[in-house]
K.L.:
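Once you've had a glance at the structure underneath, I'll fire off some questions.
Basis for what follows: all heavy atoms, side chains included, without hydrogens, waters or symmetry-related copies. Every number for a ligand or one of its atoms is a count from 1 in the order of the listing. Sequence positions, counted from 1, serve as the residue numbers for this chain.
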Amino acid sequence: MARVWNFSAGPAALPQPVLEQVREEMLDWHGAGMGVMEMSHRGKEFTGIVEQAEADLRELLGVPAGYKVLFLQGGATQQFAQIPMNLLAGGSADYLVTGSWSKKALKEAQRVVAGSGSVRCAGSTEGGGFLDLPDPARLDLDPRAAYFHLCTNETIHGVEVPPDYALPTHAPIVADMSSHILSRPVDVSRYGLIYAGAQKNIGPSGVTLVIVRDDLLGRAAPSVPSVMDFAVMAEHGSMLNTPPTFAIYVAGLVFQWLKAQGGLAAIERVNAAKADLLYACIDASDGFYRNPVAAACRSRMNVPFTLADGALDAAFLAETKAAGLVSLKGHKSFGGMRASIYNAMPLDGVRVLVDFMNDFARCKA
Ligand code: PMP
């Protein structure tokens, strides 16, 4: 069996030991005589799986008391709508736009509130091509905002909000962490709500993580469907209806794998080394490769880059593929290439990519 080095932005590579364990347990989970996909979500086996997954996640992220952890469905895109439905309560919200995903979140929130509240852009870097973060002191904030929304890692543009970025203090912070959650320690207490689709650093697609502070629950209008109401879902332990059981189970195995790696501080060291290696290769290429994002907010998880000569793109993609390096084609809105190097991508995979890139540049320059 030949496994490739998979640089997909998501769904993305999973840790191989997790996949092996899933294979091992597929037909008979811990002597239950059935696999997890076949179990009742109300039975004691699955209840144990979900409780363990939540406990491990809380430990990894250091989620303080006073926050609920929800395992929902609909992806991060559903959260773009569900968050204003739950938090806006007819008021206003501030959105920071630093790439395609936060722009989409703003648009969807505007669509959802239509007439019953206001959703404002508090700052945008679109004019400059999403290459930097705005000066936090110069944001246009509404002092009465119900929340402030941002995307802490823009998957397409490769812009990551560093931990020392001064977040506003006028309103609870709501963060889309889909593409860098669990890649480094985070101070959860700075946030009112954190959300993430699973298919990058958590597990398979199909489960969406929401971590929400208790005081933000119970603000949804009575017309909000119960399955979309955070308070109702929290009351039912995310099991008002059938949850995505298999995705939650695999996510739980990923959490255990992360703990075995030494937790988030340990994985952060590996992630920093991987990103440093790749950006150093790009920056040392004399312009053969280029990443235009400001150094202070270059993403450690998603590294977009272009080739100076776009006519070489096809050869780059064909030759990387032949060398077992796949899913490097950049997003259509950015062009060029993108290497997504989430937790499951080992340093060795990035070394192989960097060696290839250096050879390719030498041959074609
Ligand atoms: N936010 C970010 C930062 C993303 O990267 C993505 C998906 N790549 C989304 C939101 C949308 O996620 P989903 O497909 O789970 O709805």
Side-chain angles (χ1 to χ4, degrees), residues 6-14 70-86 93 95-112 119 124-126 130 133 147-162 165 173-184 186 191 193-211 227-228 238 243-244 246-248 250-251 254 271 275 293 297-304 327-334 337-345:
N6 177 5
F7 295 90
S8 170
L14 285 164
L70 307 178
F71 295 112
L72 306 180
Q73 301 189 56
T77 303
Q78 183 165 301
Q79 291 311 310
F80 294 168
Q82 205 169 334
I83 284 163
M85 287 163 91
N86 275 271
Y95 276 66
L96 183 62
V97 175
T98 55
S100 295
W101 291 109
S102 46
K103 189 176 169 185
K104 279 194 188 175
L106 167 66
K107 274 214 170 130
E108 186 70 0
Q110 283 171 332
R111 176 189 160 106
V112 166
V119 172
S124 171
T125 54
E126 187 168 15
F130 297 133
L133 292 170
Y147 63 91
F148 174 90
H149 179 281
L150 80 168
C151 174
T152 46
N153 187 65
E154 285 284 356
T155 320
I156 293 173
H157 292 88
V159 175
E160 183 166 13
V161 176
Y165 187 74
I173 308 292
V174 172
D176 176 357
M177 296 195 182
S178 293
S179 51
H180 76 159
I181 193 156
L182 298 172
S183 68
R184 60 201 300 167
V186 58
Y191 300 89
L193 187 150
I194 290 169
Y195 66 102
Q199 61 273 17
K200 296 129 180 0
N201 262 343
I202 295 177
S205 60
V207 61
T208 312
L209 175 68
V210 172
I211 302 171
V227 78
M228 306 277 275
S238 307
F246 190 72
I248 292 171
V250 180
V254 171
N271 286 331
V293 177
C297 55
R298 279 175 157 184
S299 170
R300 284 181 182 163
M301 295 284 102
N302 309 100
V303 183
S327 297
L328 284 160
K329 191 170 172 24
H331 191 274
K332 59 184 182 304
S333 65
F334 188 93
M337 309 297 151
R338 173 175 50 173
S340 294
I341 48 176
Y342 300 119
N343 288 346
M345 172 62 65

K.L.:
Would you give me the side-chain donor-acceptor pairs under 3.5 Å for residues 75-85, sequence neighbours excluded?
P.N.:
from: Gln78; atom 1: NE2; to: Gln73; atom 2: O; distance (Å): 3.4
from: Gln78; atom 1: NE2; to: Gln82; atom 2: OE1; distance (Å): 3.1
from: Gln79; atom 1: NE2; to: Gln82; atom 2: OE1; distance (Å): 3.1
from: Gln82; atom 1: NE2; to: Met228; atom 2: O; distance (Å): 2.9

K.L.:
Is a side-chain N or O of Arg338 found less than 3.5 angstrom from the main chain of Thr155, in a donor-acceptor match?
P.N.:
yes

K.L.:
Side chains of Ser299 and His180: do they bring a donor and an acceptor to under 3.5 Å?
P.N.:
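There is no such pair between these side chains.
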
K.L.:
Kindly identify the option in Trp101, Tyr195, Phe80 whose heavy atom sits closest to atom 6 (C) of ligand 1.
P.N.:
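Among Trp101, Tyr195, Phe80, the closest heavy atom to atom 6 (C) of ligand 1 comes from Trp101.
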
K.L.:
With no hydrogens and no angle check, do the side chains of Asn153 and Ser179 hold a donor and an acceptor under 3.5 Å apart?
P.N.:
yes

K.L.:
Find all atoms of ligand 1 within a distance of less than 4.0 Å from any non-hydrogen atom belonging to Gly75, and give their numbers and elements.
P.N.:
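Once the distances to Gly75 are compared, the set is 15 (O), 16 (O).
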
K.L.:
Can you tell me which portion of Ala76 lies within the under-4.0 Å heavy-atom range of ligand 1? Options are side chain, backbone, both, or neither.
P.N.:
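For Ala76, the contact with ligand 1 is made by both the backbone and the side chain.
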
K.L.:
I'd like to check which ligand 1 atoms, numbered from 1 as shown, lie under 4.0 Å from a non-hydrogen atom of Thr155.
P.N.:
2 (C), 3 (C), 4 (C), 5 (O)

K.L.:
How far is atom 8 (N) of ligand 1 from the closest protein heavy atom, and which atom is that?
P.N.:
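Result: Lys200 NZ, 2.8 Å.
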
K.L.:
For ligand 1, does Gln199 get within less than 4.0 Å through its side chain, its backbone, both, or neither, judged by non-hydrogen atoms?
P.N.:
side chain

K.L.:
Please work out whether any backbone atom (N, CA, C, O) or any side-chain heavy atom from C-beta onward of Cys151 is under 4.0 Å from ligand 1, and answer side chain, backbone, both or neither.
P.N.:
side chain

K.L.:
For ligand 1, which part of Asn153 has a heavy atom less than 4.0 Å away: the side chain, the backbone, both, or neither?
P.N.:
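Asn153 to ligand 1: backbone contact only, side chain stays beyond 4.0 Å.
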
K.L.:
With no hydrogens and no angle check, do the side chains of Asn302 and Tyr342 hold a donor and an acceptor under 3.5 Å apart?
P.N.:
yes

K.L.:
Which heavy atom in Met345 sits nearest to a heavy atom in Asn6, and how many Å separate them?
P.N.:
CE-O, 3.3 Å

K.L.:
Can a non-hydrogen atom of Met177 be found less than 4.0 Å from any atom of ligand 1?
P.N.:
no

K.L.:
What do we get for Gln78 next to ligand 1 when only non-hydrogen atoms under 4.0 Å count, side chain, backbone, both or neither?
P.N.:
neither

K.L.:
Mind checking whether Val210 and Ser238 have side chains closer than 4.5 Å, heavy atoms only?
P.N.:
no

